[in-house]
Amino acid sequence: MPLQPPHVGLYVCGPTVYSDVHLGNVRSFLTFDVLVRWLRHLGYQVRYVRNITDVGHLVDDVDEGEDKIAKRARMERLEPMEIVQKYTNGFHDVMRLFNILPPSIEPTATGHLIEQIGMIGRILANGYAYEVNGSVYFDVPKYAEKHAYGELSGRKIEEQLANTRGTEGQDEKRSPLDFALWKKAEKGHLMHWPSPWGEGFPGWHLECSAMSTKYLGGTFDIHGGGMDLKFPHHECEIAQSTAADGHAPVRYWVHGNMLTVNGRKMAKSEGNGFTPEELITGNHKLLERGYSPMTVRFFMLQCHYASTLDFSNAALQAAEKGLQRLMAANDLLQRLKPSAAGEPFDVAALKAACHAAMNDDLNTPVLIAQLFDGARAINAAHAGKAVLSQADIDELKALFHDMLFTVLGLKAEDGAQAGDDLSDGLMDVLLGLRADAKNRKDFATSDMIRDKLAALGITVKDTKEGVTWERG
RNA sequence: GGUCGCGUGGCCGAGGGGUUAGGCACAGCUCUGCAAAAGCUGCUACUGCGGUUCGAAUCCGCACGCGACCUCCA
């Protein structure tokens, strides 16, 4: 139950816009897209905040090393904000491609420096941070005296201390567990802003705390992100908000799981990922061919968000066929006539099962399984083997529309493989000749035309609705 | 090394003490001049070994295998 029904506050950690959006991001944002769609379908008014990280995310570990965006800017010889704009645009394009709805608010870290500096001030005032040499660090041991640092990720502070690796080069920190709230800008640093502690830039974890507080309040309903953000990022967010404002910021944490390839996490650092473009075009050594955005979306939704999902050509192809089947059933449903013969079918029970699946921790694979049961009933009714009244059909139409398009966010993709006007025209001529031959029962000629076209990679199908063709 | 999680039929993947997940593939059938496509039907699995139980894929223990986090990634 939300804090203030019917309003729901949802914050999701958005991308750091320093390179092309990664397929793992797509899965993560897809998960929350479906969550938002479902909540809205249930009648909640969701304020969905998803940030753009455009500063403060460092390349290396433990608050040392270069800013990711600044590094990219240097590599591409661009202004940092050009990098941010370039990859933000690309990110939006990919989101649109996969039919992922935009958030209600998409704040940037650089646009909320005042809020971040204010939050650091509150943390300092409460004694949970200290300034060293123009940088401000969060005092984790101090915080851990009164609060459960590591609770979210099930970590114990002693264990962490024991496991900490070398602390060379971070003498400014009192404890290796401490993390930066504000970093002093060294000479030559491309991105820096004035602050009470001098020129510098904000720590990565801070932006989410500051912006979620600003737009959703000190405590809000749901915070989402990838599993890999659980620690330390989200742990730090909890600590920052608690240290600044005295209470935990989030009621429910939702973490999406990773994408794997051949059993290994798909990660930028592993080099085993493909970009969304490569997945669609099939232009990657791991891909036999391309898959449409909706195929990919459906493929991802056939797995629960909290489970790892393994990419393979066979699995993608299975999803593609399954999606076609479901969409074909939905098309059939639109022109289905009532059927009074055969087995009865309980549409209300199907609807209840669909809702139950989604209410059970967003179980999209079970929802999809239910829809396949509906598809079977639709086909059976079409064949006169299942009973569906006009009222049943209307209800089923509404259910399929809601689940397929509104909630799962799928959309029809034209399978039309037709090319330019010239080839369309040529095909019309050839298929017309073939139809004439068939009418004369000159099957040798009609099959010859079909076989020659097949040799060119064009498949001709005689369906009940007429002749269709597509490029293989 | 520490923490956590997983191991389901040919493949992908839900579920989670007794009852069909679902999809793909495969086989048979229907429809078709023949194909293709489509539809229908069939295909009953839970890593191994112990234990708890009337009953375990599901709970507990051990073993093996795999993965994630512990350092940037959604």
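Note that the coordinates shown come from a computational prediction; the quantities given were computed from them, not determined experimentally. Lettering of chains follows the sequences in order, A, B, ..., and the numbering in each one begins at 1.
Closest approach to the Pro365(A) side chain among C12(B), G15(B), A21(B) is made by A21(B) (side chain taken as heavy atoms from C-beta onward).
Across the protein-nucleic acid pair, Asn257(A) atom CG and C69(B) atom C1' stand 11 Å apart, rounded to whole Å. The CZ-C1' distance, from Arg376(A) to C40(B), rounds to 9 Å in whole Å. Protein atom CZ of Arg264(A) is 21 Å distant from nucleotide atom P of G5(B), rounded to whole Å. Rounded to an integer number of Å, the gap from CZ of Arg325(A) to C1' of G23(B) is 8 Å.
In summary, the side chains of Asn25(A) and Ser28(A) do not present any donor paired with an acceptor at a separation below 3.5 Å, with no hydrogens or angles considered.
Residue contacts for His22(A): at a heavy-atom cut-off of 4.0 Å it reaches a base atom on one of the strands shown.
Here the separation of U58(B) from A27(B), taken at their P atoms, is 34 Å to the nearest Å. Taking the P atom of each, G10(B) and A21(B) are spaced 15 Å apart, rounded to whole Å.
Not a single donor-acceptor pair, N or O on each side, falls under 3.5 Å between the base of C72(B) and the side chain of Asp67(A). Residue-to-nucleotide contacts include a donor-acceptor pair under 3.5 Å from the side chain of Arg450(A) to the base of A35(B). Donor-acceptor pairing under 3.5 Å, judged by distance alone, is present between the side chain of Asp447(A) and the base of G33(B).
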- Message: I'd like to know whether Asp462(A) forms a side chain to side chain contact (heavy atoms under 4.5 Å, CB included) with Arg434(A), so could you lay out the CA-CA distance, the side-chain angles of the two residues, the decisive distance to 0.1 Å, and finally the verdict.
- Response: CA-CA 11 Å; Asp462(A) 297 328; Arg434(A) 178 165 172 273; 3.0 Å; yes
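Both distances falling under 3.5 Å, in either a Watson-Crick or a G-U wobble arrangement, place G39(B) opposite C29(B). Of all nucleotides present, only C24(B) satisfies the Watson-Crick or G-U wobble test against G10(B), with each distance under 3.5 Å. Nucleotide C54(B): paired with G18(B) (Watson-Crick or G-U wobble, both distances less than 3.5 Å). Within the shown strands, nothing qualifies as a pairing partner of C46(B) under the Watson-Crick or G-U definition with both distances less than 3.5 Å. Pairing for G67(B) goes to C4(B), judged as Watson-Crick or G-U wobble with the two contacts each under 3.5 Å.
Judged by a 6.0 Å distance limit and a 45° cone about the ring axis, Arg50(A) is positioned over the six-membered ring of Phe29(A).
Residue-to-nucleotide proximity on RNA chain B shows that, of Val460(A) and Thr308(A), the 5′-proximal contact is made by Thr308(A). Summary of the strand contacts: Ala444(A) and Asp228(A) both lie near RNA chain B, and taking for each the nucleotide with the nearest heavy atom, the more 5' one is attributed to Ala444(A).
Ring-base stacking between Phe443(A) and G33(B) is satisfied, the centre separation being under 5.5 Å and the plane angle under 30°.
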